[in-house]
2 protein chains.
Amino acid sequence: MPRPPEKKRSNLRDVAAHAGVSVATVSRVLNASGRVSPETRARVQAAIAELRFRPLAAARAINSGRSRMIGALLPSLDNSTYARVIDGLEARLAEHDLSLMVARTGEDRQVELARARQLLEAGAEGLFLAGRTRAPALLELIAHYRLPAIMLAYWDPDGPIPSVSYDNVAAVAAAADHLRGLGHREIAVIHGPRATNDRTAQRLETLAALGDGLRYAPFETELSFAGGAAAARRIAQARGPATAALCFSDMLAMGAMAGFQSAGLVIPRDMSVLGIEDLPAAAATHPPLTSVRLQVQRMGEEAGEAMARWVETGERPAPLCLDCELIVRASTAPPRG
Amino acid sequence: MPRPPEKKRSNLRDVAAHAGVSVATVSRVLNASGRVSPETRARVQAAIAELRFRPLAAARAINSGRSRMIGALLPSLDNSTYARVIDGLEARLAEHDLSLMVARTGEDRQVELARARQLLEAGAEGLFLAGRTRAPALLELIAHYRLPAIMLAYWDPDGPIPSVSYDNVAAVAAAADHLRGLGHREIAVIHGPRATNDRTAQRLETLAALGDGLRYAPFETELSFAGGAAAARRIAQARGPATAALCFSDMLAMGAMAGFQSAGLVIPRDMSVLGIEDLPAAAATHPPLTSVRLQVQRMGEEAGEAMARWVETGERPAPLCLDCELIVRASTAPPRG
DNA sequence: ATGAAAGCGCTAACAC
DNA sequence: GTGTTAGCGCTTTCAT
């Protein structure tokens with residue numbers, strides 16, 4: 001099946017010839033560098049328009065050494081939290097005329113390494129990484145090439161890679177403190193896979209180290225609404241002592257509410273439910289969800305801004321820790337009796 | 001603030017010198033093209049490893065004319081539906097060693113055009129576009145450069161851009177048919193912004209043209225969980241005749257359920273709620289949500305596959321329409337009385 | 001099996 | 001102000 005020949009893309013030379021100037025002059029008007037007389041500029045621009053000339057990114061990149069592309073390695077894209085992160089990243093990068101390439105890692109460090117290599121070979125000038133755990137080879141790659149890399153979703157001011165993150169430790173502590181203050185003593189903790197997710201692990205360790213006299217019973221499940229619902233059903237059926245469920249994300253919490261309600265429990269009368277993230281949806285659930293607000297989108301924006309500055313100026317950004325805030329709504333109340 | 005000099009990236013020449021061969025030979029082992037003796041290959045590979053050589057994408061691109069990057073222009077990234085699309089796209093493109101660049105358009109055709117230009121200048125070889133409405137200049141751009149472009153989320157077999165999509169018309173018809181079959185006659189329709197979203201407009205027009213004797217009262221709201229909840233509260237307060245709410249997405253439907261429940265209605269006894277999309281969460285809501293399953297992730301995968309083939313072989317893909325399926329759960333029932 | 005050399009489209013010295 | 005030209009790092013003939 002022969003396809004009709006596509007019109008050959010015109011290049012700088014074509015434009016130069018068409019405008020009756022040199023390639024250097026065309027390059028100058030393209031980059032607004034150097035002085036060009038208004039008349040010449042106009043002629044060149046006319047030629048550009050007429051030939052529908054678009055400079056080839058690769059050719060620019062090869063000379064300037066800049067690709068203007070940044071890669072993001074995220075556990076999954078099909079997840080409300082990371083979708084918000086991407087949204088924030090892209091918004092800020094776009095302002096700096098930087099493009100965002102995304103890749104999924106599935107929380108697998110080998111996949112992360114492989115996808116990082118791919119993004120780098122595709123020309124990424126910088127990388128966003130989620131969490132702290134990396135394949136050593138990736139760390140080494142970053143160090144060796146002095147590659148701009150920013151760590152998201154894990155606050156670690158002393159690591160080799162600057163963090164731009166919310167504070168998981170503070171978030172979990174705020175959540176636990178709220179439940180303790182209400183009088184809860186037996187807490188079911190609904191969380192995603194611990195083994196592969198260092199943010200989850202850190203939160204769990206934080207709870208364990210709190211020494212606040214509460215008892216935390218962990219319920220691991222899939223990190224999703226459906227996972228939260230399944231965990232809640234398990235909790236309800238077990239008829240354990242838990243009077244509150246601390247969920248490590250709002251999606252888990254929303255699912256947990258549905259799960260408890262399906263089991264006939266009334267929230268917060270029979271069970272308090274608390275989320276972490278404060279999705280926009282949290283204010284509209286039934287009942288409205290108490291949650292610890294994480295500045296997820298802002299994290300994306302700040303990280304995007306920091307990366308833009310890094311690749312433009314070469315200045316490594318200072319780590320940034322975004323604070324969190326407990327938003328008390330109606331899904332938590334003192335335990336019965 | 002002077003930064004320490006980064007180790008200079010080594011290039012083909014360095015590798016060639018290090019291995020005692022010519023650049024052509026190194027290029028051959030890199031591309032597995034042409035014959036190279038095992039010993040030479042080994043020497044070259046050792047040199048590559050030792051110098052940590054990574055070929056520069058831009059330089060390859062300039063020769064091959066291929067950037068191996070595809071751009072996706074999506075209304076928002078912070079949206080469960082599009083997050084699933086991106087997930088599917090990225091998964092398939094990665095298999096073909098293609099990278100995905102994403103950009104948000106906010107349903108604004110001028111923004112879409114501007115971001116498309118940016119992605120193209122960044123080197124995108126192909127574009128994914130959501131919906132059918134475009135700025136004429138973008139259409140022209142695509143036609144002029146014979147740019148591989150695939151339309152998502154809008155089935156239009158005859159348009160200038162091949163669709164890979166689910167079928168909005170069939171989905172809405174299936175939803176309406178289900179409600180009619182249950183005996184509902186007065187239907188509240190909860191939907192996102194109509195003016196800027198041609199998928200929403202098409203669905204609304206489909207309902208209007210159905211001639212099935214049902215009365216559809218549209219409630220426009222923000223396309224989100226919170227928007228669905230707000231619409232439901234409006235509907236509940238209005239105390240209108242509606243006995244069912246047809247929601248144009250599952251997120252809207254989940255929000256609507258919460259909104260109705262907050263208003264004291266019991267689903268489906270007082271109000272049937274029906275979604276479109278069938279998110280994984282739909283099976284776990286309280287009550288489980290009746291929804292029309294749209295193959296969103298599969299759409300992403302199929303589109304990714306089609307694009308990969310298109311840029312590899314030059315063959316324009318055939319349009320693909322994914323069918324939908326009504327999944328009846330517990331959020332719909334015959335009206336009371 | 002390997003190498004020499006000619007570009008690819010563009011930028012950036014440098015010359016006029 | 002404008003042009004000339006030497007690359008950038010790689011692929012790809014075409015010789016050998």
Side-chain angles (χ1 to χ4, degrees), chain A residues 6-48 51-69 97 120-125 145, chain B residues 6-48 51-69 97 120-125 145:
Chain A
E6 56 208 76
K7 288 169 202 76
K8 207 183 132 294
R9 250 182 108 113
S10 39
N11 60 22
L12 255 204
R13 247 194 300 289
D14 300 332
V15 176
H18 199 86
V21 299
S22 73
V23 293
T25 299
V26 180
S27 179
R28 282 186 195 107
V29 350
L30 243 32
N31 298 288
S33 65
R35 274 139 296 278
V36 181
S37 79
E39 304 81 51
T40 309
R41 175 184 309 284
R43 277 219 316 292
V44 170
Q45 272 160 348
I48 288 175
L51 298 181
R52 298 159 164 288
F53 168 75
R54 289 191 296 116
L56 190 66
R60 306 191 105 164
I62 208 178
N63 288 291
S64 61
R66 297 281 320 269
S67 67
R68 308 203 69 80
M69 296 188 329
D97 201 34
L120 259 15
E121 291 188 8
E125 296 180 36
Y145 291 111
Chain B
E6 55 208 77
K7 286 168 204 76
K8 208 182 129 296
R9 249 181 108 115
S10 38
N11 59 22
L12 255 204
R13 245 193 301 289
D14 301 331
V15 176
H18 199 87
V21 298
S22 72
V23 294
T25 300
V26 180
S27 179
R28 280 183 197 109
V29 349
L30 243 33
N31 298 286
S33 65
R35 275 139 297 279
V36 181
S37 79
E39 305 81 51
T40 308
R41 173 183 311 282
R43 275 220 317 292
V44 170
Q45 273 160 346
I48 288 175
L51 299 181
R52 298 158 163 290
F53 168 76
R54 289 188 297 117
L56 188 67
R60 308 192 104 164
I62 210 179
N63 287 291
S64 60
R66 296 282 319 272
S67 67
R68 308 203 69 80
M69 295 189 329
D97 200 34
L120 258 15
E121 292 189 6
E125 295 180 38
Y145 290 111

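In what follows, every chain begins at residue 1, and chains take the letters A, B, ... in the order their sequences are listed.
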(request) Could you tell me the separation between the CD atom of A:E39 and the C1' atom of D:dG1, rounded to a whole number of Å? (result) 11 Å
(request) Could you tell me the separation between the CD1 atom of B:I48 and the C1' atom of D:dG9, rounded to a whole number of Å? (result) 14 Å
(request) Applying side-chain contact (heavy atoms from CB on, under 4.5 Å), name anything that partners A:A61, two or more places apart in sequence or on another chain. (result) B:A58
(message) Under 4.0 Å, heavy atoms only, any strand: does B:V26 hit a base, just the sugar-phosphate, or nothing?
(response) nothing
(request) Kindly give the heavy-atom pair with the smallest separation between B:T40 and B:S37, and that separation in Å. (result) OG1-OG, 2.7 Å
(message) What range of DNA chain C does chain B touch, first nucleotide to last, counting atoms under 4.0 Å from its heavy atoms?
(response) C:dA1 to C:dG9
(request) List in chain and number order the residues that pass side-chain contact (heavy atoms from CB on, under 4.5 Å) with A:R68, two or more places apart in sequence or in another chain; answer none if no residue qualifies. (result) A:R66, A:D97, A:L98, A:E125, A:E312
(message) Tell me the closest heavy-atom pair linking A:A59 and A:N63, and the distance in Å.
(response) O-ND2, 2.8 Å
(request) Apply side-chain contact (heavy atoms from CB on, under 4.5 Å) to B:N11 and list each qualifying residue two or more places apart in sequence or on a separate chain. (result) B:R13, B:D14
(request) Name the nucleic acid region contacted by B:T40, choosing base, sugar-phosphate or nothing; use a 4.0 angstrom heavy-atom cut-off, strictly under. (result) sugar-phosphate
(request) Considering non-hydrogen atoms only, spot the tightest contact between B:R60 and B:P55 and give its length. (result) NH1-CG, 3.7 Å
Which donor-acceptor pairs under 3.5 Å do the side chains of residues 16-26 of chain A make with protein atoms, sequence neighbours left out?
unit_1, atom_1, unit_2, atom_2, d
A:S22, OG, A:A24, N, 3.4
A:S22, OG, A:T25, N, 3.3
A:S22, OG, A:T25, OG1, 3.3

(request) Grab the two heavy atoms, one from B:F53 and one from B:L12, that are nearest each other, plus how far apart they are. (result) CE1-N, 3.6 Å
(message) OP1 or OP2 of D:dT2 versus the side-chain N and O atoms of A:S37: is any pair under 4.0 Å?
(response) yes
Pairs under 3.5 Å (N/O, protein and nucleotides 4-8 of chain D):
unit_1, atom_1, unit_2, atom_2, d
D:dG7, N2, A:N63, OD1, 2.6
D:dC8, OP2, B:R13, NH2, 3.4
D:dC8, O2, A:N63, OD1, 2.8

(message) Does B:R35 reach a base, just sugar-phosphate, or nothing at all? Heavy atoms under 4.0 Å.
(response) base
